[in-house]
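Because the structure is predicted, anything quoted here is derived from the model rather than measured.
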Amino acid sequence: MYGIVILNYNSYELSCNLVKKVLGFKRLGKVVLIDNNSKDNFDEFVSKNNQDGKIHYIKSSQNSGYAAGNNIGLKYLYNNGYKIGFVANPDADFEEDATDKIYDFLLNNPNYGVASCKRTVGKNGKTRQYWDIPTFKDCLFESVYLGRKMADLKYESYFDDIWNDKKSQYYDVEVVAGDFFGCNLDIMNQVNYMDENTFLYFEENILGYKLRKAGYKEALLLSCSHFHNHIKTRRGSNNYGIYLHSKKVYCYDYLKINFGQKILIGIFDAIGLLDSKVLYLLGSVLK
């Protein structure tokens, strides 16, 4: 039996639909529905749909972000004896076949901390499927728009690889996307789960870094897939500072960058914050 954590923030309909879907999965033991202190209230929904007691609903007293919110659910599963847990965004869509295969893989391969599967997204289907743990150079150039575009081009080939490969059962990868993945809860507890100093962004990179440092791996299964119904917004964001903060957590606390590197990345981050504001304003005008 496995558990699935679904973290909600003002996505009531999506969350309800996903909970109702996974309740039909035969090997599901518990779905942990967490509301990250949003305007939504699931009391009535849970009372109507929890006849078999498989839903555990937690209304968080504050919104501390993706990592902290999902950690609440993963820790609940671990403390209740589950060996394998899943993290699923409300806008992720997957079938029982995917959870079963990831579950079996993690049980049979105890040196893997995290596993996911192929992914499509939106209308064109292409998205970052998996990627490498970022180096300092990666963090530096991804501060700015052109650097992020160059990274996107690099990882498009990764996406093509997994859909064109008809022979491999899975790939060893460094980081999988955070919208849907399974994890070995004993290992997650050992590495202290996801870093709650990040509110959003870079939590997957930090988890991949911690797993590799502890001697564990991540995998991407090629025998199953899921769909991420992510709505793409216009380029740029007034909240781009959140991304820069999370990147700083990674660079300072994990890469242990030196004083000169801190100055350098601060310069690139300032440029990136400016070009993000410009893109956001242009998007508002051209919308």
Side-chain angles (χ1 to χ4, degrees), residues 1-60 63-78 80 82 84-104 106 114-123 125 127-129 176-183 185 188 194 200 203-204 220-221 224-233:
M1 303 291 279
Y2 54 77
I4 299 178
V5 178
I6 299 173
L7 180 65
N8 173 79
Y9 185 76
N10 293 334
S11 299
Y12 181 83
E13 186 174 350
L14 286 172
S15 296
C16 290
N17 289 339
L18 185 56
V19 170
K20 287 190 285 188
K21 180 174 184 175
V22 302
L23 284 174
F25 292 4
K26 294 181 178 64
R27 297 163 82 178
L28 176 81
K30 187 73 69 174
V31 55
V32 186
L33 173 62
I34 302 165
D35 182 72
N36 229 359
N37 196 32
S38 77
K39 64 182 181 182
D40 297 328
N41 189 304
F42 291 89
D43 289 336
E44 183 177 354
F45 169 79
V46 173
S47 67
K48 288 182 177 179
N49 293 275
N50 201 26
Q51 291 82 2
D52 56 5
K54 287 189 175 181
I55 303 175
H56 182 70
Y57 173 45
I58 300 172
K59 179 75 172 180
S60 180
N63 179 11
S64 299
Y66 171 93
N70 280 301
N71 281 351
I72 292 171
L74 293 175
K75 290 175 182 179
Y76 172 85
L77 292 174
Y78 174 78
N80 282 272
Y82 285 87
I84 305 299
F86 286 84
V87 167
N89 285 3
D91 58 1
D93 188 20
F94 49 92
E95 302 302 324
E96 187 173 9
D97 171 69
T99 53
D100 283 352
K101 287 181 176 178
I102 294 171
Y103 174 70
D104 288 336
L106 289 170
V114 164
S116 187
C117 59
K118 296 187 294 187
R119 176 172 69 149
T120 56
V121 62
K123 294 180 179 179
T127 184
R128 286 197 183 193
Q129 189 70 30
V176 300
D179 67 301
F180 172 67
F181 65 87
C183 56
L185 291 169
M188 290 293 284
M194 290 182 277
L200 190 63
E203 53 278 305
E204 306 112 309
L220 190 82
L221 276 59
C224 52
S225 64
H226 72 284
F227 177 70
H228 188 196
N229 189 27
H230 185 64
I231 306 301
K232 188 174 182 180
T233 57

### Query
So, does Tyr9 use its side chain to make a donor-acceptor pair with the main chain of Asn37 at under 3.5 Å?
no
### Query
Taking only residues two or more places apart in sequence or in another chain, which ones pass side chain to side chain contact (heavy atoms under 4.5 Å, CB included) with Cys224?
Asp97, Ala98, Lys101, Cys117, Leu221
### Query
What's the verdict on side-chain contact (heavy atoms from CB on, under 4.5 Å) for Ser15 and Phe42, showing C-alpha distance, side-chain angles and the deciding distance?
CA-CA 10 Å; Ser15 296; Phe42 291 89; 4.0 Å; yes
### Point-to-point distance, once rounded to the nearest 0.5 Å, from CZ of Phe94 to CZ of Arg119
13.5 Å
### Message
Using side-chain heavy atoms (C-beta onward) and a distance below 4.5 Å, is Thr99 in contact with Phe180?
### Response
yes
### Message
Applying side chain to side chain donor-acceptor pair (under 3.5 Å), can you list everything that pairs with Tyr78, at least two apart in sequence or on another chain?
### Response
Asn189
#### Entry: Nearest atoms (heavy-atom pairs only) where Leu33 meets Val19
CD1-CG2, 4.2 Å
### Query
Which pairs, with at least one residue in residues 46-58 and sequence neighbours excluded, count as a side chain to side chain donor-acceptor pair (under 3.5 Å)?
Glu44-Lys48
### side chain to side chain donor-acceptor pair (under 3.5 Å) partners of residues 21-35, not counting sequence neighbours, each pair once
Asn8-Asp35, Lys21-Asp93, Lys21-Glu95, Arg27-Asp104, Asp35-Ser38, Asp35-Lys59
### Task
Report the distance from atom NE2 of His228 to atom CG of Asp179, rounding to the nearest 0.5 Å.
4.5 Å
### Query
Does Asn89 use its side chain to pair, donor to acceptor, with the backbone of Asp91 at less than 3.5 Å?
no
## Note on the structure
Between Asp40 and Ser11, the two heavy atoms sitting closest are OD2-N, 3.2 Å
### Query
What pairs with Asn80 under side chain to side chain donor-acceptor pair (under 3.5 Å), at least two apart in sequence or on another chain?
none
### Message
I'd like to know if the side chain of Glu204 reaches the main chain of Ala177, judged simply by a donor and an acceptor atom lying under 3.5 Å from each other, with no hydrogens or angles considered.
### Response
no
### Task
Enter the distance from Ile72:CD1 to Ile34:CD1 here, rounded to the nearest 0.5 Å.
5.5 Å
### Query
Quick one: does Asn36's side chain have a donor or acceptor within less than 3.5 Å of a partner on Tyr66's backbone?
no
### Closest contact, heavy atoms only, Ile102 versus Phe86
CG2-CE2, 3.6 Å
### Task
Report the residues that fulfil side chain to side chain donor-acceptor pair (under 3.5 Å) with Asp100, sequence neighbours left out, ordered by chain and then residue number.
none
### Task
Might you point out which heavy atoms bring Leu106 and Val114 nearest each other, and give the distance in Å?
CD2-C, 4.1 Å
### Task
Looking only at non-hydrogen atoms, find the nearest pair between Ala88 and Ile4 and report the distance.
CB-CG2, 4.1 Å
### Message
Measuring from atom CD of Glu96 to atom CG of Leu28, what distance do you get when rounded to the nearest 0.5 angstrom?
### Response
9.0 Å
### Task
Please round to the nearest 0.5 Å and tell me the distance separating atom CD1 of Ile6 and atom CG of Asn17.
10.5 Å
### Query
Roughly how far, to the nearest 0.5 Å, is SG of Cys183 from CE of Met194?
7.5 Å
